[in-house]
Participant: 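Please read through the structure below; I'll follow up with questions.
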Amino acid sequence: MLAGKRVLLIIGGGIAAYKSLELIRILQKAGASVVPVLTRAGAEFVTPLSVSALAGHKVYQDLFDLTDEAEMGHIQLSRAADLLVVAPATADLMAKMAAGRADDLASTLLLATDKRVLIAPAMNVRMWQHPATQRNLALVQGDGVQVVGPNAGEMACGEFGPGRMAEPAEIVAAVEAALGEGPLAGRHVIVTSGPTHEPIDPVRYIANRSSGAQGTAIAAALRDLGAKVTFVTGPAAVPPPMGVRVVRVETAAEMLRAVQAALPADVAVMAAAVADWRVANAGAQKMKKDSAGRAPQLEFAENPDILASVSRGVPRPALVVGFAAETERVEEHATAKRLRKGCDWIVANDVSPATGIMGGAENAVTVISEAGAEVWPRMAKEAVARRLAEKIATEIGALVP
Ligand code: C5P
């Protein structure tokens, strides 16, 4: 259940706010403690007194409450919880979240947090169906925010359709899922992602075109199944997911150290595009043009192979998954790579420019294991990530029950 979990509950200004009082009670029955935040509009629908009495905790309302700033501060408040829940999430709150605004306590907490966020939208049907709200919904979901509801039904305003806030019991079920009660609960997974940067001198580097999109989606999908994720990322183009431990690195050598420091793990997924070579004679100072016009000579040294060293190292994760970006004879090369690196699975894809996969939104992969090759249809990188996370959950459940 939710024993020992701390939920920061933001109550927005909608008629559904009365259901949030019931939500507080059910969350507490499930073992969670609730720290309530009431927006200015929320306080028009439920009183601070009933919220704090039910929660058994002071209700926070104002960003500029100096006592709170001295005692705790809005940053700590946003991070001390295990999960932020917004119920009801009004159209206005969703718009603020989508735009990254921070003009009151609730929106500031939502922007400052490093924890996962679950919203339960509630509004008039037309407001929900308005393209602006749907656009904001897509934006916040893209940022990793989870959504429960809204349900269709009769509304307080007399109209009918989607817009009713999810029932408190449904919200609690979503809270349990968001807090990692899934099939990977209690499992530690290391995910590497993004490119590496190998310095030439203090201002120049060698890199590759990896955006980190697939690795980021995989980390998010594993998190959604309840895993504790350590996300070791090179300088990627996409931001890291919420609700995972992020370790930022630049070079392959740093990535190896970060991965080793994160062990032991049940699963390692190495989706990073690690540079095979680094510059052995990288300059301590910026390289200057030679007066005779000669081009500098870079010498290369081989980088450590992180995947191979994790696959053959101790302690070895029970399941090690590597990636193979190929431009021809994908299955053949990837099958050989699986054996060479000593990993359990290789997720292979064709990154030749015609596929548009490198840096694109979709991926078409073949998963190679001892059992052979599974060809998956082309789909969104998020869909590949979800399917891979499910496969990992099934496998690890069988390997280490
Ligand atoms: O050999 P190649 O780079 O094609 O292998 C790709 C796989 O190996 C990926 O899983 C990548 O993360 C991993 N790799 C690594 N360390 C390297 C090179 C690749 O972990 N130095």
Side-chain angles (χ1 to χ4, degrees), residues 189-199 205-219 221-222 229-238 240 247-263 265 267-280 282 300-313 316-317 319-352 355 357-359 363 365-369 373 381 384-385 388-389 391-392:
V189 182
I190 301 173
V191 178
T192 69
S193 183
T196 63
H197 284 184
E198 306 296 334
Y205 57 82
I206 294 175
N208 61 66
R209 294 186 195 282
S210 166
S211 63
Q214 186 64 82
T216 299
I218 290 168
L222 290 162
V229 178
T230 302
F231 184 67
V232 180
T233 178
V238 300
V247 184
R248 291 175 202 271
V249 298
E250 290 216 347
T251 65
E254 285 169 14
M255 187 173 276
L256 175 66
R257 279 199 295 278
V259 167
Q260 282 170 340
L263 288 168
V267 182
V269 182
M270 306 299 205
V274 184
D276 290 323
W277 305 91
R278 67 178 178 277
V279 180
F300 290 91
E302 201 170 344
N303 266 334
D305 191 312
I306 304 166
L307 176 60
S309 79
V310 169
S311 298
R312 304 222 158 84
R316 186 194 194 275
L319 182 66
V320 181
V321 182
F323 276 70
E326 306 286 351
T327 53
E328 50 161 5
R329 308 211 320 260
V330 175
E331 200 173 310
E332 180 190 329
H333 284 157
T335 303
K337 191 168 287 178
R338 189 183 86 84
L339 296 174
R340 202 165 60 239
K341 304 245 184 184
C343 59
D344 302 294
W345 300 348
I346 283 273
V347 180
N349 56 6
D350 185 346
V351 293
S352 44
T355 65
I357 281 173
M358 198 98 177
N363 207 348
V365 306
T366 301
V367 181
I368 290 158
S369 67
K381 285 183 176 171
V384 170
L388 185 67
K391 190 174 163 71
I392 287 171

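Counting starts at 1 for both ligands and their atoms, in listed order.
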Participant: Distance-only, no hydrogens or angles: does the Asn208 side chain make a donor-acceptor pair with backbone N or O of Ala273 under 3.5 Å?
Facilitator: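 Yes; judged by distance alone, with no hydrogens or angles, the pair exists.
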Participant: If I take atom CZ from residue Phe231 and atom OG1 from residue Thr192, how far apart are they, to the nearest 0.5 angstrom?
Facilitator: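 Phe231 CZ to Thr192 OG1: 8.5 Å, rounded to 0.5 Å.
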Participant: What pairs with Arg316 under side chain to side chain donor-acceptor pair (under 3.5 Å), at least two apart in sequence or on another chain?
Facilitator: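 Side chain to side chain donor-acceptor pair (under 3.5 Å) check on Arg316 returns Asp344.
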Participant: Check residues 251-260 and write down every donor-acceptor pair under 3.5 Å in which the side-chain atom is one partner and the other belongs to a residue at least two apart or another chain.
Facilitator:
from   : atom 1 : to     : atom 2 : distance (Å)
Thr251 : OG1    : Glu254 : N      : 3.1
Glu254 : OE1    : Glu250 : N      : 2.7

Participant: Could you pull out every N or O of ligand 1 that sits under 3.5 Å from a protein N or O, with the distance for each pair?
Facilitator:
from     : atom 1 : to     : atom 2 : distance (Å)
ligand 1 : 1 (O)  : Lys341 : NZ     : 2.9
ligand 1 : 4 (O)  : Lys337 : NZ     : 2.3
ligand 1 : 5 (O)  : Lys341 : NZ     : 3.1
ligand 1 : 8 (O)  : Lys341 : NZ     : 3.1
ligand 1 : 10 (O) : Met270 : O      : 2.7
ligand 1 : 10 (O) : Phe323 : N      : 2.7
ligand 1 : 10 (O) : Phe323 : O      : 3.4
ligand 1 : 12 (O) : Met270 : O      : 3.2
ligand 1 : 12 (O) : Ala272 : O      : 2.7
ligand 1 : 16 (N) : Ile306 : N      : 3.0
ligand 1 : 20 (O) : Ile306 : N      : 3.2
ligand 1 : 20 (O) : Leu307 : N      : 2.7
ligand 1 : 21 (N) : Pro304 : O      : 2.8

Participant: How long is the gap from CD1 on Ile346 to OG on Ser369, to the nearest 0.5 Å?
Facilitator: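 Result: 11.0 Å between the selected atoms.
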Participant: Check side-chain contact (heavy atoms from CB on, under 4.5 Å) between Ala385 and all other residues, then give those that pass, not counting sequence neighbours.
Facilitator: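 With neighbours one apart ignored, the set is Gln214, Ala217, Ile218, Ala221.
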